[in-house]
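First comes the structure, then the notes that go with it.
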Amino acid sequence: MSASFVPKSDFLSVLMERGYIHQCSDFEGVDAKAKAGELIAYIGFDCTASSLHVGSLVQIMMLRWLQKTGGKPVPLMGGGTTRVGDPSGKDESRRMLSLDDIEANKTSIKQVFSKFLTFGEGRTDAVMPDNAEWLTALNYIDFLRDVGRHFSVNRMLSMDSVKMRLERDQELSFIEFNYMCLQAYDFAELYRRYGCLLQMGGSDQWGNIVTGIDLGRRMGAPQLYALTSPLLTTASGAKMGKTAAGAVWLNADMLPVYDYWQYWRNTEDADVGRFLKLFTDLPMDEIRRLEALAGAEINEAKKILATEATAMLHGREQAMAASETARKTFEEGELATSLPTVEIAAGELADGIGVLNAFVKVGLVPSTGEARRQVKSGGLRVNDAVVSDERAQLTNADLTGGVIKLSFGKKKHILLAPR
RNA sequence: GGGGGAAUGUCCCGAGCGGCAAAGGGGGCGGACUGUAAAUCCGCUGGCUAUGCCUUCGCAGGUUCGAGUCCUGCUUCCCCCA
């Protein structure tokens with residue numbers, strides 16, 4: 001980032017101040033467009049899964065700030081590119097998604113965007129096109145003639161991502177080599193359709209975005225711009241968005257609100273300030289105050305981070321409920337009825353069910369073998385009492401207030417209720 | 001087309017004289033310590049109706065009391081020559 005540059009637009013001021021920016025092709029240019037209220041920007045999203053996860057949140061937030069500062073955000077669904085399958089994840093035979101799957105994923109993903117952006121027909125309202133709209137209509141010969149001639153292979157070969165692969169003798173498939181052409185074409189097409197001037201994305205997208213700018217110029221678009229965000233890792237170097245249980249999904253049906261809240265609550269100390277800036281709307285003054293908290297006090301900042309981030313996605317009411325459940329569970333050690341509950345046939349419980357199987361049944365551990373191991377290391381508890389006998393049975397006698405509380409480790413609790 | 005390598009515990013990397021549920025890492029999980037953090041230390045890291053049974057080393061056959069290990073064929077990937 002150019003050290004001397006001082007933005008005049010709200011958009012760049014916010015992004016710079018909050019740490020969203022890694023590189024920008026032309027700060028002054030973007031700044032001027034934003035200042036004039038003419039900035040329309042897009043970010044591409046895969047629709048390989050029915051939900052985005054935390055890893056995409058920085059991108060979503062950039063679109064959100066764009067809208068809040070007077071620009072028009074364009075989240076682009078990669079419905080067309082998804083059909084090809086992104087080859088850069090080098091694990092070979094990635095399954096091809098059916099068109100129905102892709103369509104379903106798009107619908108599901110759009111729900112998330114509507115939490116962060118306002119869609120509509122207005123000047124700053126977001127629109128969500130799908131690159132399948134133009135990519136699938138392409139004819140190979142026409143594409144080569146109209147678009148392909150603008151790509152310089154010499155130039156493509158000189159790009160870092162390509163150069164690296166060639167130097168290491170790693171295979172670079174033709175389809176992968178073409179992927180950037182399709183993405184570049186998206187940019188040109190979005191300019192044509194929406195007057196989109198800026199493409200944003202993660203820092204790994206820089207090369208692809210710049211290729212798009214280049215193509216735009218050759219195809220007669222005005223100057224286009226690139227802006228990338230830093231690749232996010234936690235302070236200890238782990239990738240964001242992955243936990244033991246899998247990805248931190250944004251859709252509530254794939255990750256319960258409580259778990260989402262917990263994800264943020266468990267942020268490392270060193271990340272609190274950075275995350276508050278990136279993942280909440282809190283004013284900077286407030287954030288500066290929170291990140292100055294030291295020692296155990298920083299837990300207050302983490303709770304605020306969790307509640308704010310959750311509220312943005314799932315609504316304030318749900319966020320408060322998650323916060324309250326956590327408070328009861330951790331600070332009062334009391335049984336909160338809002339913990340996830342799994343039902344069991346009343347008769348089954350009356351007959352007695354093995355502890356190990358009970359833990360497997362509610363999904364806290366994957367197998368009885370794992371349950372057995374956890375008993376040995378003291379990781380399982382029933383009604384807060386450590387399980388020491390793996391042969392123990394759970395019966396109606398274990399019901400406390402109509403349920404049995406099963407805990408795995410300190411943080412994972414599930415209630416077992418007879419039905 | 002010719003020659004030479006490689007594929008191992010369904011997260012990854014990676015050892016493996018014919019007796020192997022298979023060394024060692026990383027990652028992950030649990031425990032201790034804390035603050036629901038980090039760091040550190042300890043334990044665990046195929047499945048089950050479990051003093052036993054079943055399934056794992058690219059795929060399919062074969063040799064053998066016994067195969068990840070030896071043989072044959074196949075698949076995929078890499079390297080060298082053409």
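Computed from a predicted structure; not experimentally measured. Letters A, B, ... mirror the listed sequences (proteins, then strands); counts begin at 1.
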inquiry  = Which residues pass the salt bridge (Lys or Arg N to Asp or Glu O under 4.0 Å) test with A:D146, not counting sequence neighbours?
reply    = none
task = Round to a whole Å and report the spacing from CD of A:Q262 to P of B:rA37.
result = 10 Å
query = Looking at B:rU36, B:rG35, B:rG30, which one has an atom nearest to any side-chain atom of A:N266?
reply = B:rU36
request  = Report the residues that fulfil salt bridge (Lys or Arg N to Asp or Glu O under 4.0 Å) with A:D285, sequence neighbours left out, ordered by chain and then residue number.
outcome  = A:R288
request  = Sequence neighbours left out, what passes ring-ring contact (aromatic ring centres under 6.0 Å, His included) with A:Y42? Give chain and number order.
outcome  = A:F187
query = If you check the A:D269 side chain, which of B:rU36, B:rG35, B:rC29 turns out closest?
reply = B:rG35
message = Going by salt bridge (Lys or Arg N to Asp or Glu O under 4.0 Å), name the residues that satisfy it together with A:R155, two or more places apart in sequence or in a different chain.
response = A:D214
task = For A:Q374 and B:rC42, give me the distance from atom CD to atom C1', rounded to whole Å.
result = 14 Å
ask   = Rounded to the nearest Å, what distance is computed from the NE2 atom of residue A:H413 to the P atom of nucleotide B:rG30?
value = 11 Å
request  = Using Watson-Crick or G-U wobble geometry with both distances below 3.5 Å, tell me the partner of B:rG43, or none.
outcome  = B:rC29
request  = Using modelled atom types only, decide if a donor and an acceptor are shared between the side chain of A:R419 and the backbone of A:E343 within a distance under 3.5 Å.
outcome  = no
task = Name the orientation class of the two ring planes belonging to A:H413 and A:F330 (parallel below 30°, tilted from 30 to 60°, perpendicular beyond 60°).
result = perpendicular
ask   = Does B:rC20 sit syn or anti, given that only angles within 90° of 0 count as syn?
value = syn
remark   = Under a 3.5 Å limit on both distances, the Watson-Crick or wobble mate of B:rA22 is none
ask   = Nearest to the side chain of A:N299 - B:rG35, B:rA38, B:rG30?
value = B:rG35
inquiry  = Please give the distance between the C1' atoms of B:rA32 and B:rU36 as a whole number of Å.
reply    = 16 Å
P spacing across the pair B:rA82 / B:rA6, given as an integer number of angstrom = 24 Å
ask   = Distance only, no hydrogens: is a donor on one side chain within 3.5 Å (strictly under) of an acceptor on the other, for A:N251 and A:S108?
value = yes
task = Nearest whole angstrom, please: distance from the C1' of B:rG35 to the CZ of A:R265.
result = 8 Å
key: Under 3.5 Å on both distances, the Watson-Crick or G-U partner of B:rC74   = B:rG58
key: A:K376: partners by salt bridge (Lys or Arg N to Asp or Glu O under 4.0 Å), with sequence neighbours left out   = none
message = Under 4.0 Å, counting only non-hydrogen atoms across every strand here, what does A:K376 touch: a base, just sugar-phosphate, or nothing?
response = nothing
Euclidean distance, atom NZ of residue A:K412 to atom C1' of B:rG28 [Å, nearest integer] = 10 Å
request  = Scan A:E297 against the nucleic acid and name what it touches under 4.0 Å (heavy atoms): base, sugar-phosphate only, or nothing.
outcome  = nothing
key: Under the ring-ring contact (aromatic ring centres under 6.0 Å, His included) test, residues paired with A:H150 that sit two or more places apart   = none
message = Just to verify, what does A:L278 make a side chain to side chain contact (heavy atoms under 4.5 Å, CB included) with, not counting sequence neighbours?
response = A:Y20, A:L232, A:R274
task = Verify the contact: side-chain N or O of A:K328 to OP1 or OP2 of B:rU36, cut-off strictly under 4.0 Å; return yes or no.
result = no
Could you write out each protein N or O paired with an N or O of nucleotides 46-49 of chain B at a distance under 3.5 Å?
unit_1	atom_1	unit_2	atom_2	d
B:rG47	OP1	A:S367	OG	3.0
B:rG47	OP2	A:R373	NH2	2.4
B:rC48	OP1	A:T368	N	3.2
B:rC48	OP1	A:T368	OG1	3.4
B:rC48	OP2	A:T368	N	3.4
B:rC48	OP2	A:T368	OG1	2.9
B:rC48	OP2	A:G369	N	2.9

ask   = Could you give the CD-to-C1' distance, from A:E390 to B:rA50, as a whole number of Å?
value = 9 Å
key: Integer angstrom distance from the C1' of B:rC44 to that of B:rA38   = 22 Å
inquiry  = Using atom C1' in both nucleotides, what's the gap between B:rC13 and B:rA7 to the nearest angstrom?
reply    = 14 Å
query = Roughly how far apart, to the nearest Å, are B:rC57 and B:rA21 at atom P?
reply = 14 Å
ask   = Less than 4.0 Å between a side-chain N and a carboxylate O, is that true for A:D10 and A:K68?
value = no
Show each protein N/O and nucleotides 31-34 of chain B N/O combination with a separation under 3.5 Å, one pair to a line.
unit_1	atom_1	unit_2	atom_2	d
B:rG31	O4'	A:S377	O	3.3
B:rA32	OP2	A:K410	NZ	2.7

message = If you assign each of A:R391 and A:K303 to its closest nucleotide in RNA chain B, which residue comes earlier from the 5' end?
response = A:K303
task = Please state how far atom CZ in A:F359 lies from atom P in B:rC29, giving the value in whole angstrom units.
result = 18 Å
task = Report which part of the nucleic acid A:I298 touches: base, sugar-phosphate, or nothing (heavy-atom distance under 4.0 Å, all strands).
result = base
request  = Could you measure between the two P atoms, the one in B:rC17 and the one in B:rG61, and give it in whole Å?
outcome  = 25 Å
message = When the P atoms of B:rC74 and B:rG24 are compared, how many Å lie between them, rounded to an integer?
response = 37 Å
message = Taking only the P atom of each, what is the distance from B:rG68 to B:rC79 in whole angstrom?
response = 31 Å
